[in-house]
**Student:** 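My questions will all concern the structure given below.
The structure presented is a predicted model; accordingly, all values stated were derived computationally and were not measured. By convention in this document, chain letters (A, B, ...) are assigned in the order of the sequence lines, proteins followed by strands, and residues within each chain are numbered from 1.
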Amino acid sequence: MLDLKRIRFETDAVKQELAKRGDPDVAGQIDQVIALDAERRAVIQDVEGLKARRNQTSKEIADRKKAGEDAGELIAAMKEVSDRIGEFDRQLTAAEAQIEELLLLIPNTPLPEVPAGDESANESIRSWGEPLSAAPWRKPHWELGVELSVLDLERGARLSGSGFPVYTGLGARLQRALVNLMVDTHVREHGYREVTPPYLVRGQAMRGTGQLPKLADDAYQVAGDDDLWLIPTAEVPLTNLHGGEVLGPDDLPRRFVGYTPCFRREAGAAGRDTRGIIRVHQFDKVEMVRLERPEDSGAALDELTGHAERILQTLGLAYRVMLLAAGDMAGSSAMTYDLEVWSPGVERWLEVSSCSNCTDYQARRADIRFRREAGGKPEYVHTLNGSGLALPRTVIAVLENYQREDGSVELPEALHPYMGCSRIEP
RNA sequence: GGAGAGGUGGCCGAGUGGCUUAAGGCGGCACCCUGCUAAGGUGUUGGGGGCGUUUGCCCCUCGUGGGUUCGAAUCCCACCCUCUCCGCCA
């Protein structure tokens with residue numbers, strides 16, 4: 001969430017920055033926060049005056065009782081004061097709850113270099129490799145995958161519904177190979193610490209990274225009284241790993257890489273990308289998360305994006321880097337680069353990675369702070385996350401880009417040691 | 001799942017309703033003393049918030065949230081977490 005004090009003191013700047021997202025409600029929400037904050041502070045002044053009086057008088061009551069004197073009058077007076085305090089406290093709690101509710105809905109302020117507008121204002125920053133041109137013999141992965149016996153969509157649907165693919169044989173091994181290649185690269189070459197987190201988290205963690213309350217419909221919640229949610233991305237457990245902590249001067253930066261399954265209802269995307277495995281309810285992903293000093297987060301985003309790109313380069317897959325416009329970014333993000341890989345079978349650019357600098361937005365929700373120096377005041381860290389990479393679309397790109405006219409797939413060299421073979425044949 | 005014990009400041013640890021504005025110790029920091037070292041002395045030492053912003057004043061915070069009371073670390077309720085034993089189990 002945003003800093004309440006910044007909203008109070010730099011109201012217009014905050015509104016202007018948020019306006020780049022194009023959400024018509026947000027200026028009104030800011031005004032509501034301002035009004036509630038004024039009310040809150042007024043009540044605080046009233047109630048704290050009374051509390052100071054109560055504290056003082058309580059001592060006097062104690063003194064009188066010790067001296068064996070009568071304190072009935074004071075006690076009676078204080079009973080009245082306490083009632084008023086209770087009333088003010090209820091007002092205060094209500095105002096604070098309303099402010100909290102609004103702050104949890106207001107998205108992060110985009111950084112200056114982020115273009116205003118919706119998806120159509122996304123900017124292509126750079127590209128790598130040559131997108132393969134169309135050829136009549138090229139097949140989309142849903143045909144190729146079935147012919148190669150690596151993908152079984154029908155049986156997956158029978159088990160769990162559409163959007164739950166089954167990978168078989170070399171398809172299953174390809175998943176494992178890609179995960180290992182990615183995790184190894186980020187650990188050995190990019191300096192990330194490998195983490196295996198829980199796949200179920202509390203609502204608090206989902207709130208920390210911004211999935212709740214807004215995107216509740218998009219997540220799977222476990223039945224029962226557990227308040228447990230299936231993670232839609234490893235960003236949730238990895239970012240919240242140090243939630244509620246104050247890190248020391250030497251603890252930053254922290255760089256985590258984790259491989260996890262991800263679960264998404266895709267509630268808002270019904271009917272889109274229904275063929276193949278472009279959009280599914282369960283998929284695997286290798287995710288990088290970084291906790292950085294505020295002054296380092298800008299450079300860290302570039303570096304993180306480069307780390308994700310490195311995987312595509314290693315696999316020899318053509319891609320482009322998109323700077324997302326404010327309106328296309330997730331609410332938690334202040335700046336996002338998407339990596340889009342070319343799919344010659346589907347003949348589309350497919351998003352395989354989203355790398356975001358969430359500045360202090362998630363840190364404030366999840367309460368992740370650090371001290372610059374021993375004894376210094378705690379400050380919020382900056383959090384970043386980026387896929388490195390999402391598996392299904394990487395699998396699509398590998399299969400479709402490396403397919404041969406004879407129907408086989410000649411695997412990229414980097415995968416040979418992980419696959420134990422160099423081709424997938426029908 | 002059953003039974004029990006417990007969560008106090010950076011750490012250890014005292015504290016069954018007002019003498020705690022959380023004792024004492026350790027650690028950290030500052031200063032003093034000692035011609036080195038060791039030891040000693042004095043003070044200080046969490047987080048959040050409000051008002052004023054120059055020194056400051058005040059409120060909240062003893063796992064979390066409620067409740068009882070003039071007053072709660074202390075009593076009551078719910079939840080979270082840790083530990084021990086039993087059962088079950090990959």
**Student:** Roughly how many Å apart are B:A72 and B:U21, using the P atom of each and rounding to a whole number?
**Tutor:**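 Approximately 12 Å lies between the P atom of B:U21 and that of B:A72.
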**Student:** When A:Leu391 is tested against each of A:Val352, A:Ile277, A:Ile396, A:Val179 for side-chain contact (heavy atoms from CB on, under 4.5 Å), which residue passes?
**Tutor:**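 Among A:Val352, A:Ile277, A:Ile396, A:Val179, the one that satisfies the side-chain contact (heavy atoms from CB on, under 4.5 Å) with A:Leu391 is A:Val179.
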**Student:** Of the options B:G46, B:G48, B:C59, whose atoms approach the side-chain atoms of A:Arg371 most closely?
**Tutor:**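 Between B:G46, B:G48, B:C59, the one nearest the side chain of A:Arg371 would be B:G46.
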**Student:** A:Glu73 has an atom CD; how far is it from atom C1' of B:G71, in whole Å?
**Tutor:**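 Spelled out: CD on A:Glu73 to C1' on B:G71 is 18 Å.
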**Student:** Whole Å only: how far is the CD atom of A:Glu373 from the P atom of B:C29?
**Tutor:**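 In whole Å, B:C29 P lies 14 Å from A:Glu373 CD.
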**Student:** Which nucleotide, if any, forms a Watson-Crick or G-U wobble pair with B:G27, using both distances under 3.5 Å?
**Tutor:**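 Looking at the geometry, B:G27 pairs with B:U45.
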**Student:** Over all strands shown, is A:Arg8 touching base, sugar-phosphate only, or nothing at heavy-atom distances under 4.0 angstrom?
**Tutor:**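 Sugar-phosphate contact only.
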**Student:** Does B:U34 have a Watson-Crick or wobble mate here (both distances under 3.5 Å), and if so which one?
**Tutor:**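 WC or wobble partner does not exist here.
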**Student:** Considering only atom P, compute the distance from B:U42 to B:U8 and round it to an integer number of Å.
**Tutor:**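 To the nearest whole Å, 29 Å.
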**Student:** Taking the six-membered ring for Trp, is the centroid-to-centroid distance between A:His307 and A:Tyr192 below 6.0 Å?
**Tutor:**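 Aromatic pair counts; centres sit under 6.0 Å.
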**Student:** Of the nucleotides B:G47, B:C60, B:G49, which has the atom closest to the A:Arg369 side chain?
**Tutor:**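 Per side-chain heavy atoms of A:Arg369, the pick is B:G47.
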**Student:** Provide the Watson-Crick or G-U wobble partner of B:U20, both distances under 3.5 Å; none if there is no partner.
**Tutor:**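 Paired with no nucleotide.
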**Student:** Output the single nucleotide from B:G47, B:C70, B:G49 whose closest atom is nearest the side chain of A:Lys79.
**Tutor:**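 Selected nucleotide (nearest to the side chain): B:C70.
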**Student:** Is it the case that atom CD in A:Glu413 sees more than 12 heavy atoms from other parts of the structure closer than 6.0 Å?
**Tutor:**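 At most 12 heavy atoms, drawn from other residues, nucleotides or ligands, come within 6.0 Å of this atom.
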**Student:** Quickly work out the A:Asp367 CG to B:U61 P distance and round it to whole Å.
**Tutor:**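 So the two atoms are 18 Å apart, to the nearest Å.
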**Student:** Counting side-chain heavy atoms from C-beta on, which of B:G49, B:C60, B:G18 comes nearest to A:Lys51?
**Tutor:**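 So the nucleotide nearest the side chain must be B:C60.
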**Student:** Take atom CZ in A:Arg6; do more than 12 heavy atoms of anything else shown fall under 6.0 Å from it?
**Tutor:**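 It does: A:Arg6 CZ has more than 12 such atoms within range.
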**Student:** Could you measure between the two C1' atoms, the one in B:U16 and the one in B:G27, and give it in whole Å?
**Tutor:**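 Result for the C1' pair: 31 Å, nearest Å.
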**Student:** For A:Glu101, is the CD atom crowded, meaning more than 12 foreign heavy atoms sit under 6.0 Å from it?
**Tutor:**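 Result for CD/A:Glu101: open.
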**Student:** Is there a Watson-Crick or G-U wobble partner for B:G52 with both distances under 3.5 Å, and if so, which one is it?
**Tutor:**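 Per the H-bond distance test, none.
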**Student:** With C1' as the reference atom in both, quote the distance from B:U74 to B:C62 in angstrom, rounded to an integer.
**Tutor:**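 Here B:U74 and B:C62 have their C1' atoms 10 Å from each other.
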**Student:** Please measure how far the C1' atom in B:C26 lies from the corresponding atom in B:U44, and state the result in whole Å.
**Tutor:**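 Per the computed distance, 16 Å lies between those C1' atoms.
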**Student:** Considering Watson-Crick and G-U wobble pairs with both distances under 3.5 Å, what does B:U74 pair with?
**Tutor:**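 B:U74 is unpaired by these criteria.
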**Student:** Taking the same atom, C1', in B:U64 and in B:C81, what whole-Å distance lies between them?
**Tutor:**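 Taking atom C1' in both B:U64 and B:C81, they lie 10 Å apart.
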**Student:** Ignoring the backbone of A:Ile44, work out which of B:C60, B:G50, B:G71 is nearest its side chain.
**Tutor:**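 So the nucleotide nearest the side chain must be B:G50.
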**Student:** Output yes when at least one side-chain N/O atom of A:Ser82 is less than 4.0 Å from OP1 or OP2 of B:G71, else no.
**Tutor:**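 Answer yes for this pair, as a side-chain N or O of A:Ser82 is under 4.0 Å from OP1 or OP2.
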**Student:** Report the nucleotide, chosen from B:G50, B:C60, B:C70, that has the shortest atom-to-atom distance to any side-chain atom of A:Arg40.
**Tutor:**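 Of the options given, the side chain of A:Arg40 lies nearest B:G50.
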**Student:** Whom does B:A14 pair with, Watson-Crick or G-U wobble, provided both distances fall under 3.5 Å?
**Tutor:**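 Base-paired to nothing in any strand shown.
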**Student:** Expressed as a whole number of Å, how far does the P atom of B:G13 sit from that of B:A3?
**Tutor:**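 28 Å, rounded to whole Å.
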**Student:** Any side-chain N or O of A:Asn55 below 4.0 angstrom from OP1/OP2 of B:U21?
**Tutor:**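 For B:U21, OP1/OP2 do not have a side-chain N/O of A:Asn55 under 4.0 Å.
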**Student:** Kindly point out which of B:C60, B:C51, B:G71 is positioned nearest to the side chain of A:Arg41?
**Tutor:**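 Nearest to the side chain of A:Arg41 among the choices is B:C51.
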**Student:** Using Watson-Crick or G-U wobble geometry with both distances below 3.5 Å, tell me the partner of B:G87, or none.
**Tutor:**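 The answer is none; no pair meets the criterion.
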**Student:** I need the A:Gln175 CD to A:Tyr167 OH distance, nearest 0.5 Å.
**Tutor:**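 So the gap between those two atoms works out to 4.5 Å.
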**Student:** Need one value for A:Arg202: base, sugar-phosphate or nothing, where a base atom within 4.0 Å counts as base even if backbone is also close, heavy atoms only.
**Tutor:**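 Result for A:Arg202 = sugar-phosphate.
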**Student:** I want to verify a distance call: between B:G47, B:C59, B:C60, whose nearest atom is closest to the A:Lys377 side chain?
**Tutor:**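 Output: B:G47.
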**Student:** Once you round it to whole Å, what is the distance between P of B:G67 and CG of A:Asp89?
**Tutor:**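 A:Asp89 atom CG is separated from B:G67 atom P by 9 Å.
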**Student:** Describe, in one word, how the ring planes of A:Tyr220 and A:His281 are oriented to each other, choosing from parallel (under 30°), tilted (30 to 60°) and perpendicular (over 60°).
**Tutor:**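 Geometry flag for A:His281 against A:Tyr220: perpendicular rings.
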**Student:** With both distances kept under 3.5 Å, what pairs with B:C79, Watson-Crick or G-U wobble?
**Tutor:**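 Partner of B:C79: B:G63.
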**Student:** Among the nucleotides B:C51, B:C58, B:C70, which one has an atom lying closest to any side-chain atom of A:Glu48?
**Tutor:**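 Output: B:C58.
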